[in-house]
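Below is one structure, written out as structure tokens, with a few remarks after it.
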Protein chains: 2
Amino acid sequence: MAVPDEFFNPRSVAIIGASRYKGKVGHEVLRNFVKKFKGNIFCVNPRARSILGKACYASVSSIPKPIDLAVITTPSSIVPQVLQDCVAKKVPAVILITSGFGELGELGRKKEAELRKIISNSNTRVLGPNCMGMISAVVDTNFNPEEKQKRPKAGNIAFLSQSGAVGSTIIDFLAEEGIGISSFVSYGNQTDIDESDFIEYFGSDKSTKVITMYLEGVKYGQKFLHKSKSASKVKPILAIKAGKTSSGEKAVMSHTGALAGSSAVYSGIFKQAGIIEVDSWEELFDAAVAFSTQPLPKGNRLAVVTDGGGFGVLAADAADKLGLALPAPPPSTLKVFREKFPPYVAVKNPIDLTGDADVDRYKIAIEECLRSKEYDGVLAITLFQLPSLDPAVADVMIQLKKRYKKPLLVCSTGSAYTQKIARKLEANGIPVYPTPERAVAAYAALCGYKSS
Amino acid sequence: MAVPDEFFNPRSVAIIGASRYKGKVGHEVLRNFVKKFKGNIFCVNPRARSILGKACYASVSSIPKPIDLAVITTPSSIVPQVLQDCVAKKVPAVILITSGFGELGELGRKKEAELRKIISNSNTRVLGPNCMGMISAVVDTNFNPEEKQKRPKAGNIAFLSQSGAVGSTIIDFLAEEGIGISSFVSYGNQTDIDESDFIEYFGSDKSTKVITMYLEGVKYGQKFLHKSKSASKVKPILAIKAGKTSSGEKAVMSHTGALAGSSAVYSGIFKQAGIIEVDSWEELFDAAVAFSTQPLPKGNRLAVVTDGGGFGVLAADAADKLGLALPAPPPSTLKVFREKFPPYVAVKNPIDLTGDADVDRYKIAIEECLRSKEYDGVLAITLFQLPSLDPAVADVMIQLKKRYKKPLLVCSTGSAYTQKIARKLEANGIPVYPTPERAVAAYAALCGYKSS
């Protein structure tokens with residue numbers, strides 16, 4: 001069923017279980033909203049008059065205004081009553097943070113069936129229970145204290161996570177790295193809305209360019225396949241499936257209780273659904289950042305430009321393993337290189353500009369490759385530490401990126417000096433990877449997506 | 001042939017080709033020595049009287065004192081003459097930075113044969129040409145300007161690199177990460193001393209606990225096998241072999257000109273030699289840090305303790321793929337867990353302490369696993385961001401690490417808040433990895449080493 005837009009763009013919100021006490025979920029969530037939410041905020045707490053300057057009500061029903069989004073953080077025992085109130089109040093979107101349901105076994109699953117009964121035949125949709133909810137520029141129900149966890153800037157990557165804790169940890173990492181997201185959704189037990197509903201939502205969400213997922217198991221296989229297939233036609237979906245081994249599958253059982261299913265079955269479904277599968281969350285966001293910032297390559301032919309021969313070799317190895325082509329420069333390009341470069345520059349692919357490469361040499365090499373019909377994309381490996389390489393090479397790359405509509409990725413590693421240049425490139429839409437292998441894998445992911 | 005100790009602990013040094021001009025190799029190298037070398041420094045430059053406060057001489061022969069180490073940075077045309085001077089002066093150790101030899105092809109290889117002839121029947125040993133030389137607490141011939149590249153602290157990891165630029169870039173990264181090295185050696189064309197000689201040296205070097213290598217090709221297969229076999233009996237050797245694919249092999253040919261050789265042949269040699277092979281330089285140092293700080297595990301049985309179920313699942317998947325065992329807690333341990341933990345804690349392996357885990361719960365779980373005969377090592381996954389986890393958990397882990405002689409690794413990811421705790425753990429000998437996969441791979445590397 002469709003995810004109501006009130007989850008993402010509510011005009012009013014009720015925090016049910018709002019608490020005075022710092023560290024409590026009901027306090028931290030309220031604090032998030034007080035800090036950045038522009039609409040009306042109402043607290044539900046029968047034992048308080050106001051918290052953080054927001055008036056408290058005994059129940060949702062007693063709030064005198066309509067509520068678009070209710071966030072429930074009460075103990076599980078009173079959740080059914082609270083949810084009934086939300087239905088009565090005609091709240092379209094409910095984020096149910098509270099845990100103590102299906103993840104605890106049979107009894108908990110019965111409680112969830114009860115919740116489903118409460119909302120049946122209503123227009124109230126529920127995200128959760130047992131989740132961290134959402135983080136976006138508008139809604140933030142992540143209850144990790146702000147001193148402990150940063151929030152990422154606004155961007156075009158949507159991130160769906162079955163695990164709330166893992167998801168929020170990664171979000172903290174993304175914030176540190178300056179990677180922007182459209183929305184993060186921790187969907188927990190999926191008693192009502194499931195991962196496929198969110199895939200559908202993000203598929204048509206204009207602020208989302210790429211969808212990323214951490215999955216332990218899929219709720220309804222056919223639905224997942226159907227919704228993913230539609231969404232992946234218009235934008236890339238990247239997923240990491242946890243619990244693909246025997247030990248991992250057992251761990252999933254005691255975590256989310258999902259049926260992890262065999263690795264081969266999942267890989268098969270992903271392939272059919274047009275989902276690009278990755279092996280670690282690092283790879284997930286390495287690829288997401290490439291999709292987020294780069295045009296799609298027309299093919300798998302990559303030019304590698306480097307001032308460090310060894311990193312060129314590692315990139316070539318990685319490209320070979322991932323089935324990418326590294327064609328030699330065509331005659332016209334070769335002619336330019338031979339004219340303009342010293343004789344010891346290796347005008348093959350990788351193009352090894354050697355350790356005394358300067359900005360001009362990089363400009364010529366990158367531009368000729370971006371211009372050539374022989375290449376679909378360029379990886380520039382830049383050892384910024386070398387004496388003759390001026391940091392102005394970043395400006396040149398930023399200009400070239402604007403001029404040519406092909407992917408341009410950078411590999412750079414090192415300390416504060418190089419990181420400063422890398423941040424500048426990233427701020428201008430050129431992703432920077434710390435190893436040749438990770439840069440090449442990100443390019444291979446770009447090549448793995450075909451829209452229709 | 002044995003590497004003379006004068007390379008590592010010279011009492012006097014001559015910089016041949018010392019330059020007044022900032023940015024020139026002969027200037028940057030001199031500056032390094034002036035900054036940190038405690039012995040006598042002499043410059044060789046016939047057109048200057050003194051540079052950076054050090055007296056200049058027209059040639060090595062005219063220096064009135066004995067020279068332990070000569071660093072040559074002159075143009076390649078005069079290298080033979082300079083080297084002859086060094087032999088006449090009985091300089092035991094020469095670092096020949098200059099490029100323009102065998103890496104350029106047949107003519108260059110002839111020039112190297114000439115160099116070999118000059119030093120034959122002498123006690124002068126040459127590192128290089130076409131290299132960055134060495135970085136240690138005593139000797140530093142890396143010519144990347146200090147504004148661009150940090151130097152790592154003293155530590156017990158030796159790093160041998162066939163590629164100078166790549167090696168020094170990684171060194172910059174290690175410095176940023178606070179990872180210490182005993183020595184870095186960029187050995188270039190190996191016209192005299194080769195990688196096997198250095199493996200032998202580091203094998204008996206007391207300040208080195210683990211040897212790491214970036215290799216494109218091996219000079220003498222039998223010698224390499226023999227020296228590595230001996231060294232790997234007393235300490236672990238980790239290597240990344242670049243140029244293992246067809247594209248990579250071609251790239252090696254235009255880089256160092258080494259015969260890359262087939263992937264299977266190298267993997268076979270590494271196995272015979274007791275060398276642990278890795279696939280990326282990130283993995284190389286992930287593993288090296290584990291060897292550098294942890295006792296060797298007695299077997300491959302790992303306990304995974306986590307407060308984020310999802311990261312537990314990813315760790316289990318990684319362990320399974322790498323052939324590690326994740327046995328369930330034995331009855332005695334289980335009894336303690338059942339007594340002391342709330343009922344929703346998953347007392348399996350991974351042990352999922354769940355999102356409300358506090359310091360006590362971590363202390364009990366980690367200590368029981370370190371104490372138990374069922375486990376050879378522990379991976380503690382800590383989402384420091386969660387509200388109930390106090391950063392004091394780091395102190396507990398540091399205490400436990402001192403008390404029990406088993407590997408203890410940590411996985412943590414996030415922004416400044418978590419990174420501060422991670423740095424504290426690392427400073428106390430507990431390595432911290434940003435993903436479960438990388439932590440598990442480092443543990444697997446520890447299990448892959450058998451001393452004799």
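All values reported here derive from a predicted model rather than from experimental measurement. Chain letters run A, B, ... following the sequence lines, proteins first, then strands; residues in each count from 1.
Both the backbone and the side chain of A/Lys150 come within contact range of chain B, each with at least one heavy atom under 4.5 Å from a heavy atom of that chain. The contact between A/Asp352 and chain B is made entirely by side chain atoms (from C-beta outward), counting heavy-atom distances below 4.5 Å. If you measure heavy-atom distances from A/Pro350 to chain B, the contacts under 4.5 Å come from the side chain alone. In this structure, chain A has no heavy atom under 4.5 Å from any part of B/Leu174. If you measure heavy-atom distances from B/Pro343 to chain A, you find no contacts under 4.5 Å at all. With a threshold of 4.5 angstrom between heavy atoms, A/Ala416 approaches chain B through its backbone and through its side chain. For chain B, no part of A/Ser412 is nearby; none of its heavy atoms comes within less than 4.5 Å. In this structure, chain A has a heavy atom under 4.5 Å from the side chain of B/Ala346, while its backbone stays farther away.
Side-chain N or O atoms of B/Asp317 include one that pairs as donor or acceptor with a backbone N or O of A/Gly243 at under 3.5 Å. In terms of modelled atom types and a separation under 3.5 Å, the side chain of B/Lys148 and the main chain of A/Leu389 share a donor-acceptor contact.
Proximity of A/Leu314 to B/Tyr214: side-chain heavy atoms (C-beta onward) are separated by under 4.5 Å at one or more points. Contact annotation: the side chain of A/Gln419 approaches that of B/Glu176 to within less than 4.5 Å [non-hydrogen atoms, C-beta and beyond].
Here the options are A/Val304, A/Leu326, A/Asn349, the test is side-chain contact (heavy atoms from CB on, under 4.5 Å), and the partner is B/Ser247; only A/Leu326 passes.
Taking OG of A/Ser163 as the reference point, atom CZ of B/Phe311 lies at 8.0 Å (rounded to 0.5 Å). Once rounded to the nearest 0.5 Å, the distance linking OG1 of B/Thr435 with CZ of A/Phe173 reads 9.5 Å.
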Quick one: do B/Asp320 and A/Ser246 satisfy side chain to side chain donor-acceptor pair (under 3.5 Å)? Show the steps, please.
CA-CA 7 Å; B/Asp320 223 59; A/Ser246 147; 4.8 Å; no
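Under the 3.5 Å distance criterion, with hydrogens and angles disregarded, a donor-acceptor pair is assigned to the side chains of B/Gln385 and A/Asp172.
The shortest non-hydrogen separation linking A/Ala242 to B/Val313 is CB-CG1, 3.5 Å.
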